[in-house]
Amino acid sequence: MNKRFPYNTSDLKPSRRDFMRLGGTSLAAAMMMRAGLPPALAQGMGEIPADLHPGSPNNPRGWATTLPPIPEGMPVDPPVTITGSRRGPWEFADGDDIENSPFTRLNAAVTGINWKLAFTWTDNEGEVLQKYNLAIASDELPDFMETVPLQIYSELLDNDLIEDITDVWDEVAHPVWLKEAMGFSDGIAWRLAEVNGRKMGVPYIEQAAQNDKVLWIRQDWLDAVGMSAPTTIEELHAVMTAFVAADMGQGGEGTTLGIAANRQVNTWYCSLDPIFGAWGVMPRFWTPDENGDLQYDSVRPEIKEVLGTLRQWYSEGLLAPDFFTFAPWQNSGTHISGNLAGLMYSPAFGAVYGLPDSVANDPDARWAFGDIPMGPTGIKKKAWSNPVPDTVYVFRKGFEHVDLVLKQMAWWAELLQNPKNRYHGFEGTAYFWRDDDGEIDPMGGTLDLNGYDDTKHIWGPPGTNGGSRTDPFYETNWIKERRNVWANTPDGERDALMEAFLGGDPLSVLWDEANVFAVDHWEADGIKNHFLTVPTRTMERAGASLDGLEAETYINIINGQEPLDRFDAFAEEWRSGGGDRITDEVNEWWRGQM
């Protein structure tokens, strides 16, 4: 086994169901946090009806789910009704809906809060803007607003329509499950939700290193060409060249590619951001210069060196001749699943997203992952994937029960994210991962809930259709708990939950290992984008055209339609076309953050 790539898919022949079971398990099991945390600051559990308890206490090989202590002062009496907006879609069992399900019934018993839907939308960007604008115009904003887009957030701020939650946050927010969990990476989670030192909402947080890249490589191809995994950009070039020369791919003659790539050089899948990072720069990112001001990396001189390298690779046939027409997954991903390319920079979840199809199409395929190679001056960097998207949760101005919602957030965060609680759905309902044979089934059993994810049915973070949490390390901590605690439980003492999450095909195991690896390298190897706020005035006016100019210039240089020196003219056009003004506006904001 290669020391650089210690994890591989040796003897890997998983079935499609194996992949769906364990891939779904890993991706949906977002419910863990650090072990050994101080106890919740709350009163006793009180009387929660037994039929509302999650877990599997009555099954011979079942397990108990431990509910966190009820927050102080809850459940409130009389109960309160809170209106909220929600992003869809959802699917519920017969008789249940977004306002009435095992999740809302348990929540009402614990907190005394009943949730009422104000309006909903799908992932269509125009629809969410329309719904929020209509609510603003009609003066019918819900009490709690989920995943508010930056454009709407800015409008709400400008019109003083949002409740300042700073004081109530300081008073009632849980010190561990809210304050500590959201304080990662020097408080970067609050760059949007906090305005002029005041908390105007709650951050939307995804998992750490969600899109941070590792280098995925065909270990069997490496063995066939007699090479080791690359540790430098030069070695990466040599490996790609060897793969193409040996025509290792499954396509027709001469169709093997050196690396899978697409038109978005800094993206979520089959990205080239670690190539740019090897020169210490990152397209579309704003990073500090030697004076502490922010600079736009896309026009820095180092970018020209990277474009020259990619231009050479393209001329040598290492990139697909039409890569600049590809989307991240729809096209470039097919080069992985179709075994035309043996290298890609993709996140840890690449093990269960792309690689299963590769193995299905070539049962001899053995994939491995490892660290990103270094650049010519020893730099090893990649895009730091910020787990805080461009959206926030906010409360209507004048809303009186912010404290109750914050307490609810903390209770669900502890239930879902503390591995000792062992939350895994409600037995006897469709919201439980057990199939007709009594086995744990991560895909939802008899009711197909779109690859059932419990967070679709919970109001407010942690939860929502997007699966937000309060702690970005929740999934990695769950993996560590499983590997370090559950795996050491003797076989005869393991319950059905342990067995389900400890078994599985090698790709799922590889995903676990890659996830932990990526998170461990998240801060050290990441180039961060330091401009995290609403667009500036000039960005709104000229940003789209400047972005288009940048994308077109990069692609035309790489594919040889423009000379490499075209980059210098582009940088000047960017500055004179509004870039200098944008830079001034960005730094005006940046100095206000100091």
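FYI, side chains are in, hydrogens and waters are out, and symmetry mates aren't considered; it's all heavy atoms of this structure. If you're wondering where the values come from, they're calculated on a predicted model, not measured in any experiment.
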Revision key, fill the gap. Residue set satisfying side-chain hydrogen bond (donor to acceptor under 3.5 Å, both in side chains) with Gln130, at least two apart, ordered chain then number -> none
**Study point:** Partner residues of Gln210 under the side-chain hydrogen bond (donor to acceptor under 3.5 Å, both in side chains) criterion, sequence neighbours left out
**Key:** Gln207
Review point. Who pairs with Phe567 by ring pair (Phe, Tyr, Trp, His ring centres under 6.0 Å), at least two apart in sequence or on another chain?
Key: Phe570
Practice item. Before giving the answer on side chain to side chain donor-acceptor pair (under 3.5 Å), spell out for Arg191 and Asn386 the whole-Å C-alpha distance, their side-chain angles and the decisive distance to 0.1 Å. Key: CA-CA 11 Å; Arg191 285 285 172 83; Asn386 190 344; over 6 Å; no
Check your understanding: Between Trp459 and Phe144, is the ring centre distance below 6.0 Å?
Key -> no
Study note, to complete from the structure: Residue pairs meeting side-chain hydrogen bond (donor to acceptor under 3.5 Å, both in side chains), one or both in residues 311-324, sequence neighbours left out, come to His237-Glu316, Gln312-Glu316
Review point. Tell me, do Met374 and Ile379 make a side-chain contact under 4.5 Å, heavy atoms counted?
Key: no
Check your understanding: For Trp279, which residues count as a ring pair (Phe, Tyr, Trp, His ring centres under 6.0 Å) partner, sequence neighbours excluded?
Key -> none
Point to revise | Ring centroid separation Trp221 to Trp367 under 6.0 Å | key: no
Practice item. Just jot down the side-chain contact (heavy atoms from CB on, under 4.5 Å) partners of Val516, sequence neighbours excluded, or say none. Key: Thr476, Ile479, Lys480, Arg483, Asp520
Review point. Does one side chain, of Thr538 or Glu585, offer a donor that lies under 3.5 Å from an acceptor on the other?
Key: yes
Point to revise | side chain to side chain contact (heavy atoms under 4.5 Å, CB included) assessment of Trp590 paired with His530 | key: CA-CA 8 Å; Trp590 178 242; His530 286 71; 3.6 Å; yes
Exercise for review: Output all residues satisfying side-chain contact (heavy atoms from CB on, under 4.5 Å) with Ala348, sequence neighbours left out; order by chain, then residue number.
Suggested key: Ala514, Asn515
Practice item. With the side chain counted from C-beta on, respond yes when Met145 and Tyr393 share a heavy-atom pair under 4.5 Å apart, and no when they do not. Key: no
Practice item. Determine which pairs satisfy salt bridge (Lys or Arg N to Asp or Glu O under 4.0 Å) with at least one residue from residues 574-584, sequence neighbours left out, and list them in order. Key: none
**Study point:** Residue Glu523 excluded, over 12 heavy atoms near CD under 6.0 Å
**Key:** yes
Practice item. Look at atom CG of Asn291 and say whether more than 12 heavy atoms of other residues, nucleotides or ligands are closer to it than 6.0 Å. Key: yes
Check your understanding: Are side-chain N/O atoms of Thr287 and Tyr296 paired as donor and acceptor at under 3.5 Å?
Key -> no
Review point. More than 12 non-hydrogen atoms from neighbouring residues, nucleotides or ligands closer than 6.0 Å to CG on Asp186, yes or no?
Key: no
Practice item. Taking the six-membered ring for Trp and the full ring for Phe, Tyr or His, determine whether the centres of Trp511 and Phe349 are under 6.0 Å apart. Key: no
Practice item. Taking the side chain as every heavy atom from C-beta outward, state whether Val225 and Phe243 have any pair of such atoms under 4.5 Å apart. Key: yes
Review point. Side-chain donor-acceptor pair under 3.5 Å between Lys528 and Ser185, yes or no?
Key: yes
Check your understanding: How are the rings of Trp522 and Trp384 set to each other: parallel, tilted or perpendicular (split at 30° and 60°)?
Key -> parallel
**Study point:** With sequence neighbours excluded, residues passing side-chain hydrogen bond (donor to acceptor under 3.5 Å, both in side chains) with Thr122
**Key:** Glu127
Review point. Would Arg469 and Asp471 pass as an ion pair if we require N to O under 4.0 Å?
Key: no
Exercise for review: With sequence neighbours left out, write down each residue that passes side-chain contact (heavy atoms from CB on, under 4.5 Å) with Pro389, or none if nothing qualifies.
Suggested key: Tyr204, Glu206, Thr391
Check your understanding: Can you name the ring pair (Phe, Tyr, Trp, His ring centres under 6.0 Å) partners of Phe285, sequence neighbours left out?
Key -> none
Review point. Angle class for the Phe276/Tyr554 ring planes (parallel below 30°, perpendicular above 60°, tilted otherwise)?
Key: parallel
Exercise for review: Using ring pair (Phe, Tyr, Trp, His ring centres under 6.0 Å) as the criterion, list what pairs up with Tyr345, not counting sequence neighbours.
Suggested key: none
Check your understanding: Is any side-chain heavy atom of Val202 less than 4.5 Å from a side-chain heavy atom of Pro461?
Key -> yes
